[in-house]
Enquirer: 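Sending over a structure as structure tokens; questions will come in a sec.
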Amino acid sequence: MGNKILEIRNLHKSFGNLEVLKGINLTVSKGEVVCLLGPSGSGKSTLLRCINRLEEPNQGSVLIDGEEITAHKIDLNKVRARIGMVFQHFNLFPHMNVLDNVTLGLRKVLGLPKSEAEEKGRLMLEKVGLGNKVTNKPDQLSGGQQQRVAIARALAMDPKLMLFDEPTSALDPELIGEVLSVMIDLAKSGMTMVVVTHEVSFAYKASDRACMLDHGLILEEAPAKEFFESPKHKRTKEFLSMVL
Amino acid sequence: MNLRALAEYFFNIDIMYRALPALLSGVWVTVKVSVTLMVFGFVAGLVLAVMRTSHVRYLSRPVNILIRLYVNLLRASPSLVLVVLVYYGSGFIGIELSAFWATVITFGACLSAFAEEIFRAGIEAIGKGQVEAARAIGLTHLQTMRYVILPWAIRAAIPTLTNSSIGISKDISMASAIALPELLKQARHIQALVANPTPLIEAAIIYVLLFFPFVRLTSFLERKRTKKGSKHI
Amino acid sequence: MDQLIDAFFNIDVLLRTKEFYLYGLTTSLRLIVFSGMCAMGWGLLLSVIRNSNLRFINYPIIVYTDVLRSLPILANMLLLYYALPFVGISMSSFWAATIALSLTGGAYYAEIFRSGIEVIHRGQTEAARSLGLTYLKTMRYVILPQAIRVVLPPLTTNTLEFIKSTAAASVVALPDILNEAMQAQNVTFSPTPLMVALVFYILVCYPLVLLIEHFENSYHKR
């Protein structure tokens, strides 16, 4: 129980012969916003995807709110319903309108009746600033709007933890701001978030802690101010100097 | 279901051995029919496709409509019904048709309808630029067809045509209904004689041996064409 | 020409053999609709099972699909109707035809659905599963609606071929439209009844042919 929403212990993941995660340890407390930074191929996306077991770890364990979700007899679907994930390419369902996208989980996973689900869905869409786009189809929206719908879709499930996999990397520059402001509001409201991102200014503003990943290991982990203003590890300094 | 019955009635080695020559002659008939009708069907289909895509003033519209009607009607007709109609009906208007020729004509016509569509798609897919370049040099329409368009169109059509050929070859078994002595008919014939369904099983095995490689090949090629499998778990 | 009309479009014969057609018509329609739904359902089921990648299930399905697509439909019907009774399993010609058509048709449909499923981007499944949707619900609400839309053209073509193949049931003594027409032909010594059978199939199939033409045209417009 207690405060630890996410605990990752000695996580290893290999793809064939390539070991991508070489023993990750990470703890995230309730309400914390943790950013994962690092160069391409460092394993940050893989790490994120291991948290809800979209990738299966080879070794180690993941605990959500004290429950070991990497154990065998786990109802993975139930676990996933309490974790929200936002993808780089949005992954909205193109054959449904925006409201149906947001309410699908409510209706088919949580079993809410349609009217209740739609009420909640509209609320979520209002929250991300898209209350007037309820009947639109995803292809009628801009990238930034689509990503905000994706965030609403994940939030509608009342998750304990939100995972963001490079949420703005596929967006045109002028659309990034609207998504980041939604994420900042979310952080302020006390959501526990793990964010893989290249947007260092966002990370600086919104995160409580930051981790530097490289070649499958966490090289440095520190409170945000310390991490960005006085990084200790050589690679962190190199990386930050390149992106800032 | 007991194993003794299976061995006796489905896999009777003695009958399998004795039936084999007849079944193989059935295979040979199937091959003869297939090859003949494929020649007719492909040539006819090509001619029709060329006619349909040629723009001759005043003639184009009616020709187009006629060919389209021919193709669509044939595509909507089951080969079994057609071959029965042709075989039995031909006698009534004074034409004597053997089962062989009834099959070749009917299935050949069906194949020509498919082939026309395939060739037409290939011809129409050729970029306009190539045609214009050829005409600009002074090639006539027919010459353009022969030297520029058709080589490409035919090459493009080969994979789909092979597919259709396999389908038609299997379909020839329908002609067993008009007593064409192909593989399935021979099997049924012997089965009736010996009151034992082993010949049917034997014929089925022969069909699988003959066609399985092709089916495997086409699905393998299909897989190569579409994107590398994205697993949904 | 007159001889042609008299032989193949003889009104008199047509009227005399009315009863044959009515019965044959309903039998054929029953067969087409029922076996068609079974074949599509079976094919859908096979493709969903195959996609789940459960251990050991893929290989048998692949073998099944390929073997069944190597056999002529008539052979399957004959096996079910004439061969099985020898080992104690006998069935009516309707059931022999339906089962044969469903098993064979299902194999073809399974391949088509499978290709549609594979084209859908993996991210769709990931998003659905991340919400907590089970594999089956993901297929039902997210993947299959998209996959089916993608493969509508080959689905239509296959359905056309399927409907035409149902005519083979006449060979295993099902009193369908062709069988009845052949009987009528024997009685009247005229091929006109056979024309009726042909016209029946053309009427049923022509809409599909037009639909396929429509798909091919819109594909080329791109």
Side-chain angles (χ1 to χ4, degrees), chain B residues 1-2 5-6 8-10 68 71-73 75-82 84-85 88-94 117 121 124-125 167 170-174 176-177 184 187-188 191 196-198 200-201 203-204 207-212 214-216 219 222-223 226-227 229-233, chain C residues 3-4 7-8 51-53 65-67 69-72 74-75 78-79 82-83 86-89 111 115 117-122 124-125 129 135 138-139 143 160-161 163-168 170-171 178 182 185 190-191 194-195 197-198 201-202 204-206 208-210 212-213 216 220:
Chain B
M1 163 113 64
N2 67 69
L6 260 176
E8 166 75 31
Y9 292 115
F10 276 21
R68 185 170 161 232
V71 166
N72 285 352
L73 283 175
R75 280 177 89 174
S77 307
S79 44
L80 176 59
V81 178
L82 270 179
V84 167
L85 185 61
Y88 288 123
S90 55
F92 286 89
I93 52 172
E117 288 295 288
E124 286 180 351
K170 272 195 291 153
D171 238 22
I172 290 176
S173 58
M174 297 286 197
S176 66
L184 199 59
R188 289 170 67 191
Q191 181 218 337
N196 186 310
T198 297
L200 278 180
I201 305 285
Y207 272 117
V208 174
L209 287 174
L210 284 176
F211 288 106
F212 190 86
F214 291 109
V215 172
R216 215 68 197 81
S219 53
E222 279 288 311
R223 209 153 308 173
T226 55
K227 263 193 287 199
S230 41
K231 294 276 155 62
H232 297 276
I233 302 290
Chain C
Q3 208 188 3
L4 205 78
F8 291 102
N51 194 254
S52 71
N53 269 307
T65 325
D66 286 347
V67 165
R69 291 190 303 156
S70 314
L71 284 169
L74 187 53
L78 289 169
L79 283 172
Y82 287 118
F86 282 87
V87 290
I89 308 175
E111 272 301 291
S115 69
I117 291 171
E118 280 186 0
V119 163
I120 306 300
H121 197 273
R122 203 175 150 198
Q124 292 289 297
T125 315
R129 299 291 264 149
Y135 172 69
T138 304
M139 291 306 272
I143 303 297
L160 175 67
E161 294 305 312
I163 294 177
K164 292 197 291 180
S165 70
T166 60
S170 57
V171 182
L178 180 60
M182 285 172 80
Q185 181 226 334
S190 160
L194 298 174
M195 275 310 278
L198 182 65
Y201 281 104
I202 292 180
V204 173
C205 294
Y206 209 79
L208 282 173
V209 173
L210 290 177
I212 294 172
E213 257 196 338
E216 287 175 355
H220 280 141

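In what follows, every chain begins at residue 1, and chains take the letters A, B, ... in the order their sequences are listed.
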Enquirer: If I measure from the heavy atoms of chain B, does I163(C) come under 4.5 Å with its side chain, its backbone, both, or neither?
Expert: neither
Enquirer: Is the backbone of R75(B) close enough, under 3.5 Å, to the side chain of K164(C) for a donor and an acceptor to pair up by distance?
Expert: yes
Enquirer: Between chain C and each of Y9(B), Y88(B), F92(B), count heavy-atom pairs under 4.5 Å; write down the option with the most.
Expert: F92(B)
Enquirer: So, using side chain to side chain donor-acceptor pair (under 3.5 Å) as the criterion, who are the partners of S165(C) when residues are at least two apart?
Expert: none
Enquirer: In terms of heavy-atom proximity below 4.5 Å to chain B, should L71(C) be classed as side chain, backbone, both, or neither?
Expert: both
Enquirer: According to side chain to side chain donor-acceptor pair (under 3.5 Å), who are the partners of Y207(B), at least two apart in sequence or on a separate chain?
Expert: E182(B)
Enquirer: Need one label for E8(B): side chain, backbone, both or neither, based on atoms under 4.5 Å from any heavy atom in chain C.
Expert: neither
Enquirer: As an exercise, state the distance from CD of E117(B) to CD of E216(C), rounded to the nearest 0.5 Å.
Expert: 5.5 Å
Enquirer: Within this structure, what is the CG-CG distance for the pair N72(B) and L208(C), rounded to the nearest 0.5 Å?
Expert: 11.5 Å
Enquirer: So what's closer than 4.5 Å to chain C heavy atoms on F212(B): side chain, backbone, both or neither?
Expert: both
Enquirer: Taking every non-hydrogen pair under 4.5 Å, which of D66(C), L198(C), I212(C) racks up the most with chain B?
Expert: D66(C)
Enquirer: Name the member of L210(B), V81(B), T198(B), I172(B) that forms the most heavy-atom pairs with chain C at distances under 4.5 Å.
Expert: V81(B)
Enquirer: Under 4.5 Å from any heavy atom of chain C, what part of A177(B) do you find: side chain, backbone, both or neither?
Expert: side chain
Enquirer: Please evaluate residues L80(B) and V171(C) with respect to the criterion side-chain contact (heavy atoms from CB on, under 4.5 Å), reporting the C-alpha separation (whole Å), side-chain torsions for both, the decisive distance (0.1 Å), and the verdict.
Expert: CA-CA 10 Å; L80(B) 176 59; V171(C) 182; 4.1 Å; yes
Enquirer: Side chain, backbone, both or neither: which part of I93(B) has a non-hydrogen atom closer than 4.5 Å to chain C?
Expert: both
